[in-house]
Amino acid sequence: MRIKHINADNQWQERLEKTGFGYHTDGDQTYWVENYYYSISPGLADEIAEATSTLWNMCLKAVDHVITNRKYNAFHIPIFMHEHIEQSWENDAPSIYGRFDFAYDDIKKQLKVLEFNADTPTSLFETGVIQWQWMQHHFGKKADQFNSVHDRLIATWKELKPYLKGSVLHFACLRETLEDLTNVEYLRDCAMQAGIKTKLIFIDDLGWNGLNFVDLEEETITDIFKLYPWEWMVQEAFSLHIPNDVDQANWIEPSWKMILSNKAILAVLWELFPNHPLLLETYLDEPKTLVNYVKKPLLSREGANVTLYINGKIIEATPGDYGEEGYICQELASLHKEHSGYSIIGSWIIGQEPCGITFRESDRMITTDKSRFIPHILE
């Protein structure tokens with residue numbers, strides 16, 4: 001894999017905005033990279049897909065292990081949600097997607113999973129729509145990507161349609177976040193293409209009538225996709241009603257995803273599959289024998305409160321509001337580096353199938369909300 005440069009046209013921002021991509025730039029910093037891309041081989045794409053499938057199956061075994069052994073304390077999951085998690089797992093509650101983030105070691109030619117964005121992964125719209133249109137714009141229809149995200153989303157909503165409890169699927173996110181709203185509206189559009197009737201609601205408009213969750217029109221919410229993390233939801237007053245909902249609404253992603261979206265799962269995976277070639281050595285709370293490692297809060301997002309240690313000394317750290325919930329210590333991975341920065345690979349799994357690749361690039365080793373999105377081409 002290597003970076004190749006192209007000439008960006010002068011109206012690329014306008015082209016993206018016409019497609020509905022309004023957050024390509026953050027202030028004076030570029031989020032979307034228009035003028036260079038990752039050239040990767042079909043063989044590497046296949047390797048990433050195979051690693052994604054393998055890890056997904058390992059993760060399902062890890063969830064079952066956590067639930068069977070009731071290891072909720074390690075994940076700081078409140079007790080009122082334990083039974084709901086177990087029921088969602090036993091009932092195969094519908095799940096749509098997730099994104100594994102990988103480091104690629106250029107010397108060993110080896111992928112290592114950094115974490116799993118299992119509950120509210122974003123950059124879906126950029127992956128499924130924007131980078132595909134970018135490719136066709138610059139390279140024509142003969143070019144190719146590892147990218148069937150759009151088709152998989154529609155197919156997966158069709159597969160889940162029989163499991164929905166009502167006639168309307170609600171979609172929810174925060175009111176003030178353009179990125180979240182764009183991703184939710186994209187998911188909602190795919191659901192409508194799958195023949196599902198949908199309705200948008202904002203998180204702060206969710207109501208409770210004493211028996212059920214309702215929207216602003218007092219319509220009962222039987223099925224709801226929410227781009228709002230479970231660890232935030234359980235801090236909301238309304239979350240106490242979730243186990244008492246008479247209709248037991250389908251929450252998508254389901255509550256068992258609370259286990260996979262928590263970085264404690266990385267320590268569980270290492271415990272269950274020690275020395276697996278896709279895993280980095282990882283422990284709860286302490287580094288044990290690790291000398292070069294990363295300390296990550298269990299619930300941090302966008303690289304907040306992450307600290308990198310080499311030979312036991314801090315070499316890089318990010319600020320933030322996380323950490324009270326505890327940490328993992330994970331072996332320091334070798335990141336792919338180009339002249340423009342460090343990159344990690346995001347690999348999407350939708351409807352239990354690997355279906356798309358993203359690249360995020362950072363000036364430093366920790367990937368944050370300021371990291372850039374780079375499209376790719378199979379060559």
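Residue indices begin at 1 and follow the sequence shown.
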| query | Distance-only, no hydrogens or angles: does the K109 side chain make a donor-acceptor pair with backbone N or O of D106 under 3.5 Å? | reply | yes
| query | Is the backbone of Y293 close enough, under 3.5 Å, to the side chain of Q330 for a donor and an acceptor to pair up by distance? | reply | no
| field | SB check E115 R99 (cutoff 4.0 Å) | value | no
| message | Counting C-beta onward and ignoring hydrogens, is there a side-chain heavy-atom pair between L187 and L124 closer than 4.5 Å? | response | yes
| Quick check, are the ring centers of Y38 and H336 under 6.0 angstrom apart? | yes
| So, do Y37 and F139 have ring centers that fall under 6.0 Å from each other? | yes
| query | Below 4.0 angstrom, N of the basic side chain to O of the carboxylate: do K226 and E253 qualify? | reply | no
| Side-chain contact, heavy-atom cut-off 4.5 Å: H170 with D215? | yes
| query | If we only count heavy atoms from C-beta on, is the I221 to N212 side-chain gap below 4.5 Å? | reply | no
| message | Using only atom types and a distance under 3.5 Å, with no angle test, would you say the side chain of S239 pairs donor to acceptor with the backbone of E236? | response | yes
| Are H24 and Y31 near enough that their ring centres are under 6.0 Å apart? | no
| field | Heavy-atom side-chain proximity of L266 to F116 below 4.5 angstrom | value | no
| query | Between D223 and K199, does at least one N-O distance fall below 4.0 Å, as a salt bridge requires? | reply | no
| request: Compute the ring centroids of H5 and Y36, then answer whether they are less than 6.0 Å apart. | output: yes
| Distance-only, no hydrogens or angles: does the N183 side chain make a donor-acceptor pair with backbone N or O of E179 under 3.5 Å? | yes
| request: Using a strict 4.0 Å threshold on nitrogen-to-oxygen distance, state whether K370 and E361 make a salt bridge. | output: no
| field | Charged tip of R301 within 45° of W232 ring normal and under 6.0 Å | value | yes
| message | With a 6.0 Å cut-off on the ring centroids, do Y23 and F21 count as close? | response | yes
| Taking the six-membered ring for Trp, are W251 and F213 ring centroids under 6.0 Å apart? | yes
| task | Run the salt-bridge test on K4 and E379 with the 4.0 Å N-O cut-off and return the result as yes or no. | result | yes
| request: Inspect the contact between E353 and R152 and indicate whether a charged nitrogen and a carboxylate oxygen are less than 4.0 angstrom apart. | output: yes
| Is K112 salt-bridged to E331, cutoff N-O under 4.0 Å? | no
| query | Counting only N and O atoms by type, is there a donor-acceptor contact under 3.5 Å from the side chain of W230 to the main-chain atoms of P254? | reply | yes
| So, the side chain of T318 versus the backbone of V306: is there a donor-acceptor pair under 3.5 Å, distance only? | yes
| message | If we ignore hydrogens and angles and just use 3.5 Å, is the side chain of D369 paired with the main-chain N or O of E302 as donor and acceptor? | response | no
| field | Atom pair CD1/CZ of I48 and F102 - distance to nearest 0.5 Å | value | 7.5 Å
| query | With a 4.5 Å limit on heavy-atom distance, are the side chains of W132 and H150 in contact? | reply | no
| query | Strictly by modelled atom types, are H376 and Q145 linked by a side-chain donor-acceptor pair under 3.5 Å? | reply | no
| Nearest heavy-atom pair of L169 and I224: which atoms, and what distance? | CD1-N, 3.9 Å
| request: Using the six-membered ring wherever Trp is involved, compare the ring planes of F373 and W32 and label them parallel, tilted or perpendicular (cut-offs 30° and 60°). | output: parallel
| query | Just checking, is any N or O donor in the side chain of S255 or S88 under 3.5 Å from an acceptor N or O on the other one? | reply | yes
| Is it true that the side chains of H65 and N69 contain a donor and an acceptor less than 3.5 Å apart? | yes
| Under 4.5 Å between any side-chain heavy atoms of M258 and E231, yes or no? | no
| Between the side chain of D101 and the main-chain N/O of L114, is any donor-acceptor distance below 3.5 Å? | no
| Hey, does the side chain of N91 reach the backbone of Q87 with a donor-acceptor pair shorter than 3.5 angstrom? | yes
| Short side-chain to backbone donor-acceptor contact, T30 and T25, under 3.5 Å | no
